[in-house]
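Step one of this worksheet: look at the structure below.
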Amino acid sequence: MRKTRQGWMVLVLACAAAPLAARAQKLPPSPVTYSATMVIHSQGRTVTERIERDHDKLRAAMNAPGQAAGMYTIMLLAQHKSFMVMPQEHMCMAMPLNPALDPLNWEKQMRHSISVTDLGAGHANGHPADIKRVVYTDASGQHWTSRIWLATDLRYMPLRIVGRDDKGHALRVDWTNISLAAPPASRFQPPAHCRAMPMAPGPPHP
């Protein structure tokens, strides 16, 4: 299951958060500043996430069962840092960036094998789009096959990914409420009271 999630993560993040796929594999570069709502459908579960980006800075606020109300994550990719913020609990945990979210690791994984095929024009989520078929093969030989809709009126911002892996696990991601304006810099500033996440098991410090 973990490997399946990581494979999909590579495809989703490569399209939504980095131009590396465009450089290496003929996908047009996506915008580097935006805010959007992502609706992720996977294995009978739906998760909504508000994502904001300004170049190498990302902020994600997820709405999912069991998620603390108002919780959000800030990722500073160039600094390899991330911050999990829980405003209602007055808590903030600072930690190294998850290696799966590191752009250098995306580069390495995308180099294994990815093929892109044009499927023509279409529409998704109220926008005209170019549709691509993308097949990604990881180092172990597992395949992820997807159709990706890229908005031609929003500088090829991703609008939808629909795909399936070798084991039949399906994923659908839709981007809506898209703005290409750069979010305010304050959206990527972690609270001053952030503490390093403890290495030993135990509750985080407030």
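All values below were derived from every heavy atom in this structure, side-chain atoms included, with hydrogens, water molecules and symmetry-related copies excluded.
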**Report entry** same_hphob_cluster(I161, V134) at 4.5 Å side-chain heavy-atom cutoff
**Finding:** yes
Query raised in the report: Is there a side-chain contact between L180 and R155 (heavy atoms, below 4.5 Å)?
Result: yes
Report task. Name all pairs fulfilling the disulfide (SG to SG under 2.5 Å) condition that reach into residues 135-182, sequence neighbours left out, sorted by first residue then second. Result -> none
Query raised in the report: Any side-chain heavy-atom pair from I40 and L171 closer than 4.5 angstrom?
Result: yes
Query - Path from Y156 to W175 over hydrophobic side-chain contacts below 4.5 Å - result: yes
Query - Least distance between heavy atoms, V85 atom then C92 atom - result: CG2-SG, 3.8 Å
Report task. Measure the shortest side-chain to side-chain distance between N177 and R50 over non-hydrogen atoms and say whether it is less than 4.5 angstrom. Result -> yes
**Report entry** Residues K132, L150; criterion side chain to side chain contact (heavy atoms under 4.5 Å, CB included); working and verdict
**Finding:** CA-CA 8 Å; K132 308 288 185 180; L150 301 171; 4.2 Å; yes
Query raised in the report: Hey, which of V162, V173, T46, V47 is the one that makes side-chain contact (heavy atoms from CB on, under 4.5 Å) with H41?
Result: T46
Query - Q189: side-chain contact (heavy atoms from CB on, under 4.5 Å) partners, not counting sequence neighbours - result: none
**Report entry** Closest non-hydrogen atom pair, S82 against P96
**Finding:** OG-O, 3.6 Å
Query raised in the report: So, does N125 use its side chain to make a donor-acceptor pair with the main chain of L159 at under 3.5 Å?
Result: yes
Query - Minimum-distance pair of heavy atoms, taken over all atoms of P158 and I178 - result: O-CD1, 4.2 Å
Query raised in the report: If you group Ile, Leu, Val, Met, Phe, Trp and Tyr by side-chain heavy-atom gaps below 4.5 Å, do M71 and V39 land in one group?
Result: no
Report task. Mind running side chain to side chain contact (heavy atoms under 4.5 Å, CB included) on R133 and T145 for me, showing each step along the way? Result -> CA-CA 7 Å; R133 181 177 184 266; T145 302; 3.7 Å; yes
Query raised in the report: Heavy-atom distance under 4.5 Å between the side chains of M84 and M95, does that happen here?
Result: yes
**Report entry** N/O donor-acceptor pair under 3.5 Å between S146 side chain and I148 backbone
**Finding:** no
Query raised in the report: Closest approach of P31 and L154, non-hydrogen atoms and distance?
Result: CG-O, 3.6 Å
Query - Any side-chain heavy-atom pair of H127 and D153 under 4.5 Å - result: yes
**Report entry** Student check: side-chain heavy atoms of L119 and R147 closer than 4.5 Å
**Finding:** yes
Query raised in the report: Should F188 and L97 be regarded as members of a common hydrophobic cluster, given that ILVMFWY residues are connected when their side-chain heavy atoms come within less than 4.5 Å of each other, either directly or indirectly?
Result: no
**Report entry** Value rounded to 0.5 Å, distance of NZ in K57 from NZ in K81
**Finding:** 12.0 Å
Query raised in the report: Quick one: are T73 and F83 in side-chain contact, heavy atoms under 4.5 Å?
Result: no
Requested in this report: Only pairs at least two apart or in different chains count here, so list each salt bridge (Lys or Arg N to Asp or Glu O under 4.0 Å) that has a residue in residues 175-191.
Outcome: E52-R187
Requested in this report: Enter the distance from I51:CD1 to M38:CE here, rounded to the nearest 0.5 Å.
Outcome: 5.5 Å
Requested in this report: Apply the test side chain to side chain contact (heavy atoms under 4.5 Å, CB included) to residues T33 and H55: give CA-CA distance (whole Å), side-chain angles for both, the deciding distance (0.1 Å), then the verdict.
Outcome: CA-CA 6 Å; T33 62; H55 293 80; 3.7 Å; yes
Query raised in the report: Between Y34 and D54, is a side chain to side chain contact (heavy atoms under 4.5 Å, CB included) present by the stated rule, with each step listed?
Result: CA-CA 7 Å; Y34 61 80; D54 185 358; over 6 Å; no
Query raised in the report: Of Q88, H90, E89, which meets side-chain contact (heavy atoms from CB on, under 4.5 Å) against M86?
Result: E89
Query raised in the report: Taking side chain as C-beta onward, heavy atoms only, is W149 less than 4.5 Å from D130?
Result: no
Report summary line: For C194 and M93, the nearest pair of non-hydrogen atoms, with its separation, is SG-N, 4.4 Å
